[in-house]
K.L.:
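Quick one: the structure is below, and I'll ask about it shortly.
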Amino acid sequence: MTYDYFVESREDLLIAGLPVSGITGVAGPGGYPPTVNAGSTRNIGHELSLGWNQKIGNDFSFNVNYNITTIANMVTKVNDGTGILQSGSFGIGQQPIARMEKGYSIGYFYGLQTDGIFQNQAEVDAHPTQIALGAAAQPGDIRFKDLNGDGVINLNDRTKVGSPLPDYTMGFNVSMNYKNIDLAVYSYASIGNEMVRNYERSMSDLNKMNYVLGRWTGEGTSNSVPRVTTEATTNNLFSDYFVEDASFFRIQNIQLGYTFANSLSQKVGITKLRLYSSVNNPFTFTKYRGFDPTGSNGAAIGGGIDYGFYPSPKIFILGLNLNF
């Protein structure tokens, strides 16, 4: 058993692709914004690792390992005059939705908070106006919260609506041997991380995901999925409606092998002969509706936005190990 408590501070983080004023006349390779010293962060966490090895009789042995890590991330300094760095886009032509801000976790999602679906015109009339967001609300539209209480819902009512950073990460590995047969299973889990569903479009000639079948079609039909329309609507503004729990448990690898007896292999001049078969990424268990809950472009700010990443493929391998 191993336990670690750690405090890690990083200063002058190098982050690429942040917007830079064109007045400066600078750009990175390919005309993209340059890499800058964005600021500082602190990670405080715990890590626990448990392992057990045992041999039962002369023919059977096994090895079990489990580890769990939790990290609390906080931005302690932002090297920008506004105190906020933004990146990661949502939809088409909208402002960045991921932020680096002092006192918050890096890359958190910034948007509107939802409060169900308008069921009738009376609910629309009784609610603070949303027309400042670009269109007047109608029954079947998403209802947003007036967080600052000024009676008007606009971009000033945005707040933290999620984070791509997990609360816990875990690994569980098992290997066992019985006579000449060996089996190993490696798995990984991430709990509490969220992703932005940014691969959908509101155009009329595109397929929709099947959850749209449960959309609002009249009073009382749905309080979670808005109406489907080609009219001007605020339903496609970034909000927690597009933020999903991307927790998952993935079996990363399963490998089964057989080692031939030395008396057989040494007859042909081989000291060890092992035949094995393995599969990578055979199973992923998640409620996330996108292709892959692990998809990311690797960015520190905006890495949890799913632009439609290609899923991790299942890879089947048949192999032979020869020692001469």
K.L.:
Answer whether the closest heavy-atom distance between the side chains of Glu47 and Ile71 falls below 4.5 Å.
P.N.:
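Answer no - side chains too far apart.
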
K.L.:
In terms of hydrophobic clusters joined by side-chain contacts under 4.5 Å, are Ile97 and Phe309 together?
P.N.:
yes

K.L.:
Between Arg143 and Glu123, is there a salt bridge with N-O shorter than 4.0 Å?
P.N.:
yes

K.L.:
Is the shortest heavy-atom distance from the side chain of Asn63 to the side chain of Val174 under 4.5 Å?
P.N.:
no

K.L.:
Considering non-hydrogen atoms only, spot the tightest contact between Ala132 and Val152 and give its length.
P.N.:
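Scanning both residues, the minimum pair turns out to be CB-CG1, 4.0 Å.
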
K.L.:
Does the cation-pi check pass for Arg158 over Tyr110, that is, NZ or CZ under 6.0 Å from the six-membered ring centre and within 45° of its axis?
P.N.:
no

K.L.:
Could you grab the distance from atom CZ of Arg215 to atom CG of Asn235, nearest 0.5 Å is fine?
P.N.:
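The CG atom of Asn235 is 13.0 Å from CZ of Arg215, to the nearest 0.5 Å.
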
K.L.:
For the CE atom of Met176 and the CD1 atom of Ile56, what is their distance to the nearest 0.5 Å?
P.N.:
10.0 Å

K.L.:
Are the side chains of Arg274 and Tyr258 in touch, meaning some heavy atoms are under 4.5 Å apart?
P.N.:
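They are not in contact (no side-chain heavy atoms under 4.5 Å apart), so the answer is no.
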
K.L.:
Strictly by modelled atom types, are Asn65 and Asn67 linked by a side-chain donor-acceptor pair under 3.5 Å?
P.N.:
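Short answer, no.
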
K.L.:
Can the ring centres of Tyr3 and Tyr5 be said to be less than 6.0 Å apart?
P.N.:
no

K.L.:
Under the criterion salt bridge (charged side-chain N to carboxylate O under 4.0 Å, His left out), I'd like the reasoning laid out for Lys287 against Asp245: C-alpha separation, chi angles, the key distance, then a yes or no.
P.N.:
CA-CA 7 Å; Lys287 293 183 178 180; Asp245 180 8; over 6 Å; no

K.L.:
Looking at Ile106 and Thr41, what are the two nearest heavy atoms and their distance?
P.N.:
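In this case the closest contact between Ile106 and Thr41 is CD1-CG2, 4.3 Å.
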
K.L.:
If you look at every heavy atom in Ile181 and Leu256, which pair is closest and at what distance?
P.N.:
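Taking Ile181 first and Leu256 second, the nearest heavy atoms are CG2-CD1, 3.9 Å.
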
K.L.:
If you compare all heavy atoms of Leu322 against all heavy atoms of Phe324, which two are closest, and at what distance to 0.1 Å?
P.N.:
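Looks like CB-CE1, 4.0 Å.
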
K.L.:
Say whether Phe172 and Phe248 are linked into one hydrophobic cluster, either directly or through other cluster members, by side-chain heavy-atom distances under 4.5 angstrom.
P.N.:
no

K.L.:
Is there a path of hydrophobic side-chain contacts, each under 4.5 Å between heavy atoms, that joins Ile142 and Val124?
P.N.:
no

K.L.:
Between Leu50 and Ile68, is there shared hydrophobic-cluster membership here, with clusters defined by ILVMFWY side-chain heavy atoms closer than 4.5 Å?
P.N.:
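Yes, because Leu50 and Ile68 connect within a single hydrophobic cluster, where side-chain heavy atoms sit under 4.5 Å apart.
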
K.L.:
In the structure I gave you, are the side-chain heavy atoms of Phe90 and Val196 within less than 4.5 Å of one another anywhere?
P.N.:
yes

K.L.:
Between Asn154 and Gln130, is there a side-chain heavy-atom distance shorter than 4.5 Å?
P.N.:
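The answer is no; the side chains never approach within 4.5 Å.
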
K.L.:
Side chains of Asn180 and Thr259: do they bring a donor and an acceptor to under 3.5 Å?
P.N.:
no

K.L.:
Could you tell me the separation between the CZ atom of Phe62 and the OH atom of Tyr178, rounded to the nearest 0.5 Å?
P.N.:
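The CZ atom of Phe62 sits 15.5 Å away from the OH atom of Tyr178.
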
K.L.:
Rounded to the nearest 0.5 Å, how far does CZ of Arg227 lie from OG1 of Thr233?
P.N.:
5.5 Å

K.L.:
Under the side chain to side chain contact (heavy atoms under 4.5 Å, CB included) test, which residues partner Ser163, sequence neighbours left out?
P.N.:
Ser105, Lys160, Leu165

K.L.:
Is there a side-chain contact between Asn173 and Tyr66 in this structure, where contact means two heavy atoms from C-beta onward sitting under 4.5 Å apart?
P.N.:
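Of all side-chain heavy-atom pairs linking Tyr66 with Asn173, none is under 4.5 Å.
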
K.L.:
Within the 3.5 Å criterion, strictly below it, is a donor on Asn198 or Asp306 matched to an acceptor on the partner's side chain?
P.N.:
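Absent: no donor and acceptor within the cut-off.
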
K.L.:
Check Glu244 with Arg289, please: is the shortest side-chain N to carboxylate O separation under 4.0 Å?
P.N.:
yes

K.L.:
Mind checking whether Trp216 and Gln119 have side chains closer than 4.5 Å, heavy atoms only?
P.N.:
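A side-chain contact under 4.5 Å exists here.
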
K.L.:
Yes or no on side chain to side chain contact (heavy atoms under 4.5 Å, CB included) for Thr159 and Lys145, after CA distance, side-chain angles and deciding distance?
P.N.:
CA-CA 10 Å; Thr159 187; Lys145 292 183 179 181; over 6 Å; no

K.L.:
In terms of heavy-atom contacts, does CD of Glu11 have more than 12 from other residues, nucleotides or ligands at under 6.0 Å?
P.N.:
no

K.L.:
About how many Å separate CD1 of Ile191 and OG1 of Thr70, when rounded to the nearest 0.5 Å?
P.N.:
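The distance works out to 10.5 Å.
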
K.L.:
Under 3.5 Å, which donor-acceptor pairs do the side chains of residues 277-284 form with other protein atoms, sequence neighbours left out?
P.N.:
residue: Ser277; atom: OG; partner: Ile317; partner atom: O; Å: 3.4
residue: Asn280; atom: OD1; partner: Asn253; partner atom: ND2; Å: 2.5
residue: Asn281; atom: ND2; partner: Pro313; partner atom: O; Å: 3.2
residue: Thr284; atom: OG1; partner: Arg250; partner atom: NE; Å: 2.8
residue: Thr284; atom: OG1; partner: Arg250; partner atom: NH2; Å: 3.3

K.L.:
Under 6.0 Å from the OH atom of Tyr186, do we count more than 12 heavy atoms belonging to anything else shown?
P.N.:
no

K.L.:
Distance only, no hydrogens: is a donor on one side chain within 3.5 Å (strictly under) of an acceptor on the other, for Asn120 and Glu219?
P.N.:
yes

K.L.:
Check whether any side-chain heavy atom of Gln113 sits under 4.5 Å from a side-chain heavy atom of Tyr241, and report yes or no.
P.N.:
no

K.L.:
CG of Leu237 to CG of Leu112: how many Å apart, nearest 0.5 Å?
P.N.:
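CG of Leu112 is found 6.5 Å from CG of Leu237.
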
K.L.:
Between Phe291 and Tyr310, is the gap from one ring center to the other below 6.0 Å?
P.N.:
no

K.L.:
Between Asn73 and Asn43, is there a side-chain donor-acceptor contact under 3.5 Å, judged purely by atom types and distance?
P.N.:
yes

K.L.:
Below 30° counts as parallel, above 60° as perpendicular, anything between as tilted: where do the rings of Phe109 and Phe238 land?
P.N.:
perpendicular

K.L.:
Which pair of heavy atoms, one from Pro293 and one from Ala246, lies closest together, and at what distance?
P.N.:
CB-O, 3.5 Å

K.L.:
If you look at every heavy atom in Ser247 and Gly192, which pair is closest and at what distance?
P.N.:
OG-N, 2.8 Å

